[in-house]
Number of protein chains: 2
Amino acid sequence: MEAKKPTLEDVGRAAGVSRATASRVISGGRKVSDDARGRVWHAVELLGYHPDLAARALAKGHSDVIDLIVIDDAAVMLGSNPYYSRVMSGILSALAGSDTQMRVHVIEQPDAPRRLDDVARIVGVGALLVNVPPELAARFSARCARVVSLGHSAPGVPSVEAENAEGARSAVQHLYRTGRRKVVAVHGKQGNSCATGRRSGFHSASVEAGHEPIGAEGGFCLEAGFDGTKELLAAHPDLDGIFAACDLTAMGVLRALEESGRRVPDDVALVGFDDSFLASVATPAMTSVRQPVEHMAALATRALLASETGPNWHRVEPAPLQIRRSSAAA
Amino acid sequence: MEAKKPTLEDVGRAAGVSRATASRVISGGRKVSDDARGRVWHAVELLGYHPDLAARALAKGHSDVIDLIVIDDAAVMLGSNPYYSRVMSGILSALAGSDTQMRVHVIEQPDAPRRLDDVARIVGVGALLVNVPPELAARFSARCARVVSLGHSAPGVPSVEAENAEGARSAVQHLYRTGRRKVVAVHGKQGNSCATGRRSGFHSASVEAGHEPIGAEGGFCLEAGFDGTKELLAAHPDLDGIFAACDLTAMGVLRALEESGRRVPDDVALVGFDDSFLASVATPAMTSVRQPVEHMAALATRALLASETGPNWHRVEPAPLQIRRSSAAA
DNA sequence: CTGTTAGCGCGTTCAA
DNA sequence: TTGAACGCGCTAACAG
């Protein structure tokens with residue numbers, strides 16, 4: 001009934017060559033006569049042959065898989081943070097065409113070092129680290145060289161990041177140039193390298209515009225935006241522009257402003273960071289610094305596939321401002 | 001330098017048993033003496049042994065992986081649809097503890113049948129189908145029995161779905177009971193089984209409340225909500241309640257209402273469907289029918305792991321209403 | 001209960 | 001350029 005899956009052996013037999021030759025043809029090796037090559041491909045077509053991934057993995061020593069590794073609370077964050085989805089999207093687009101797959105590991109904080117070690121051991125073609133703190137990334141990197149961190153990490157750990165500081169600067173400059181007179185910020189998570197970059201960009205742009213940098217601490221979440229805004233409004237009722245460290249935070253800002261009776265963009269202009277789909281879904285549509293997450297993830301993936309990463313592999317991608325209604329001139 | 005990874009052989013030797021016995025112990029087989037079992041685990045600990053997944057996969061015939069299969073446009077949808085993230089979240093939580101991994105395949109429409117066949121061939125423990133139309137799901141199911149569809153599918157295809165009709169009904173009833181007098185709908189994608197269920201729920205609840213069902217067609221996207229609302233407002237300026245087929249659509253409704261100068265919930269009450277994080281992030285926070293996506297995905301995953309699915313495996317989960325500000329009494 | 005023996009399907013030497 | 005042979009690490013029959 002169930003026709004057994006054809007193996008390389010079968011292909012070789014049908015093509016009148018040995019299994020080894022068939023293997024060479026299929027693996028793209030160049031040391032084969034055009035004649036044999038043709039016969040093998042023909043046989044493959046004829047038999048409907050498909051390589052057995054497990055067997056190949058065993059023979060080669062590692063499977064054709066890119067491992068995405070995220071440290072977070074699986075239940076909560078994966079479902080409510082567009083960032084991760086964008087990363088996957090980028091990986092998958094880089095994988096399209098190749099027969100490499102994507103595997104996802106979400107690791108929760110308790111016991112993260114051990115779990116990371118476990119994963120490091122089984123990594124396939126390479127691993128992408130997301131939201132992995134520098135110390136853990138370094139540890140991982142020591143166990144598995146085929147790795148790239150999304151966002152700046154420990155020295156020696158390959159990474160790709162966005163121009164966070166420059167992005168934040170351009171956001172603030174935009175606000176002042178379009179007539180705002182007092183721009184404040186709700187920052188990201190303390191210690192996070194992206195947050196730090198954006199904070200310093202906000203800082204320098206404020207100073208350059210002749211203003212004292214005013215900001216509230218945050219944590220890349222909705223509540224941070226909401227609470228921070230309430231706090232800032234109380235201390236600075238005359239503020240007319242807000243820079244949020246991420247779109248989710250910006251959503252919180254939006255709600256706080258609405259509850260306080262301030263209109264966006266009429267009374268207060270708002271700029272977020274990420275330019276995730278939240279920005280385009282918000283009312284009013286939100287101006288946001290575009291972090292090219294998909295692009296960055298794809299870049300890293302391609303580098304891993306080509307095994308061109310190394311301790312000094314680093315990329316920094318531009319983060320252009322995406323202007324929408326939330327920052328329209330008053 | 002690099003100490004070779006210990007193999008089962010090594011473990012057996014260290015424990016004074018054969019490789020086979022060591023394998024039995026580790027694979028949880030019960031046919032081993034407590035004595036041997038203890039010595040093997042001890043050796044495992046001692047050597048830091050970890051099974052080679054590829055080898056195991058080859059020997060067993062399939063790898064320890066759950067395959068998530070989505071048909072959509074990778075670039076666009078994965079990054080902008082919370083639904084998929086929630087599915088992954090559910091799968092991962094069901095996988096926590098086991099040493100099974102999750103693999104993700106996003107297949108784009110052109111050439112979907114072939115791509116699905118490819119994936120069907122390499123499925124590990126089982127596959128979860130998301131957004132795969134019934135015909136394709138049936139085809140897949142014919143090639144790989146270890147499968148569950150998220151959302152009702154073709155007959156004979158195991159599935160888990162939410163009580164779409166009941167959820168929609170309760171949403172509409174809620175609106176009428178809290179004083180609304182003309183509730184309309186923006187529906188989901190034509191032909192989609194979830195959309196159909198919600199549509200019929202809206203329909204019956206409207207009729208029961210003594211109203212003619214009024215709705216606009218949609219497609220589970222932001223634009224649908226926006227355009228549909230504009231259209232409905234034009235034809236029915238007296239509407240004071242809107243049921244949207246999904247949260248994303250509801251976001252579009254929100255924007256259209258805002259642009260038309262209608263206040264939510266003062267002038268118009270709004271209820272979405274899904275209760276994704278969009279609902280809690282929106283301003284005002286959105287009332288939504290909770291689709292327990294994570295739970296459903298976890299359920300399916302556990303069933304696959306226990307291989308307790310079969311052609312007649314079906315689950316229907318309740319979809320309770322989550323009330324927030326967008327439907328507060330006027 | 002345990003050890004022995006075959007494969008699982010493929011990559012990769014090493015000669016020819 | 002090609003083929004034969006070995007090994008990857010593990011599971012599953014089959015004897016004992």
Side-chain angles (χ1 to χ4, degrees), chain A residues 2-41 43-44 47-65 99-100 121-125 307, chain B residues 2-41 43-44 47-65 99-101 118 121-125 307:
Chain A
E2 168 125 353
K4 264 197 172 43
K5 251 177 49 180
T7 81
L8 256 193
E9 188 74 52
D10 301 327
V11 173
R13 191 175 314 123
V17 300
S18 76
R19 185 175 72 231
T21 300
S23 170
R24 292 187 186 104
V25 171
I26 287 170
S27 303
R30 294 233 117 295
K31 320 291 204 104
V32 227
S33 67
D34 285 353
D35 176 42
R37 178 187 313 284
R39 296 216 308 283
V40 168
W41 280 124
V44 165
L47 301 176
Y49 169 80
H50 291 273
D52 179 311
L53 270 34
R56 175 177 289 177
L58 177 56
K60 292 213 302 194
H62 66 88
S63 39
D64 279 348
V65 168
D99 52 357
T100 303
R121 199 174 300 112
I122 66 168
V123 165
V125 181
S307 41
Chain B
E2 166 124 357
K4 264 198 167 46
K5 249 178 49 179
T7 81
L8 253 195
E9 188 74 51
D10 302 327
V11 172
R13 191 176 313 122
V17 300
S18 76
R19 186 175 72 227
T21 300
S23 170
R24 291 187 187 105
V25 171
I26 287 170
S27 303
R30 296 232 112 299
K31 320 292 205 101
V32 228
S33 68
D34 285 352
D35 176 42
R37 179 187 311 284
R39 295 215 308 284
V40 168
W41 279 124
V44 165
L47 301 176
Y49 169 79
H50 290 271
D52 180 310
L53 271 34
R56 175 178 288 175
L58 177 56
K60 291 213 302 195
H62 67 88
S63 38
D64 279 350
V65 168
D99 53 356
T100 302
Q101 315 293 329
D118 288 348
R121 200 175 299 113
I122 65 169
V123 165
V125 181
S307 39

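Each chain gets a letter, A, B and so on, in the order the sequences are listed, and its residues count up from 1.
The side chain of B:S27 contributes an N or O atom lying less than 4.0 Å from OP1 or OP2 of D:dT11. Taking 4.0 angstrom as the limit, A:S18 places none of its side-chain polar atoms (N or O) nearer than this to OP1 or OP2 of D:dT2. OP1 or OP2 of C:dG11 lies within a sub-4.0 Å distance of a side-chain N or O belonging to A:R56. In terms of phosphate contacts, B:S33 brings a side-chain nitrogen or oxygen within less than 4.0 Å of OP1 or OP2 of C:dT2.
A:A57 comes within contact range of no nucleotide atom at all, as no heavy-atom separation falls under 4.0 Å.
Atom CD1 in A:I26 sits about 12 Å away from atom C1' in C:dG11, given to the nearest Å. In this structure, CG of B:D10 is placed 9 Å from P of D:dC10, rounded to the nearest angstrom. In this entry the distance linking CD of A:E9 with P of D:dA4 reads 9 Å, nearest Å. Look at CD1 on B:I122: it is 16 Å from P on C:dG9, rounded to the nearest Å. Taking atom CG of residue A:L58 and atom C1' of nucleotide C:dC8, one finds them 9 Å apart after rounding to whole Å. To the nearest angstrom, P of C:dG9 lies 14 Å from NE2 of B:H62. Spacing between atom NZ of B:K60 and atom P of C:dC8 amounts to 18 Å, rounded to whole angstrom units.
The nucleotide whose nearest atom lies closest to any side-chain atom of A:D52 is, among C:dG9, D:dC10, D:dT2, C:dG9. The A:L8 side chain lies nearest to C:dG11 when the options are C:dG11, D:dA12, D:dT2. In the set C:dG11, D:dA4, C:dG9, the nucleotide with an atom closest to the side chain of A:S23 is C:dG11.
The distance from the CG atom of A:L53 to the NZ atom of A:K60 is 9.0 Å, given to the nearest 0.5 Å. For the atom pair B:R19 CZ and B:D10 CG, the distance stands at 10.5 Å (nearest 0.5 Å). In this structure, the separation between NE2 on A:H50 and CG on A:D52 is 12.0 Å, given to the nearest 0.5 Å. Atoms CZ and CG, on B:R56 and A:L58 in that order, are 13.0 Å from each other to the nearest 0.5 Å.
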Sort me out a list of protein N/O and nucleotides 5-7 of chain D N/O pairs below 3.5 Å, or just none if empty.
{"from": "D:dC6", "atom 1": "N4", "to": "A:R19", "atom 2": "NH2", "distance (Å)": "3.2"}

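Of all heavy-atom pairs between B:P6 and B:G48, the closest is CG-O, 3.9 Å. Closest approach of A:Y49 to A:I26, counting heavy atoms only: CE2-CD1, 3.4 Å. The minimum heavy-atom distance linking B:V17 with B:V40 is given by the pair CG2-CG2, 3.9 Å.
If you find the closest nucleotide of DNA chain C to B:A55 and to B:D35, the one lying nearer the 5' end belongs to B:D35.
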Would A:I122 and B:Q101 count as a side chain to side chain contact (heavy atoms under 4.5 Å, CB included) here? Give the steps. CA-CA 11 Å; A:I122 66 168; B:Q101 315 293 329; 4.0 Å; yes
Pair B:D35-B:R39, salt bridge (charged side-chain N to carboxylate O under 4.0 Å, His left out): steps then yes or no: CA-CA 6 Å; B:D35 176 42; B:R39 295 215 308 284; 2.7 Å; yes
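When B:S23, B:S18, B:P51 are each tested for a side-chain contact (heavy atoms from CB on, under 4.5 Å) with B:L8, only one passes: B:S23.
Recorded end-axis angle for the helix from C:dC1-D:dG16 to C:dA16-D:dT1 stands at 30°, based on five pairs per end and rounded to 10 degrees.
The base of C:dT13 sits within donor-acceptor range of the side chain of A:R24, with an N or O pair under 3.5 Å.
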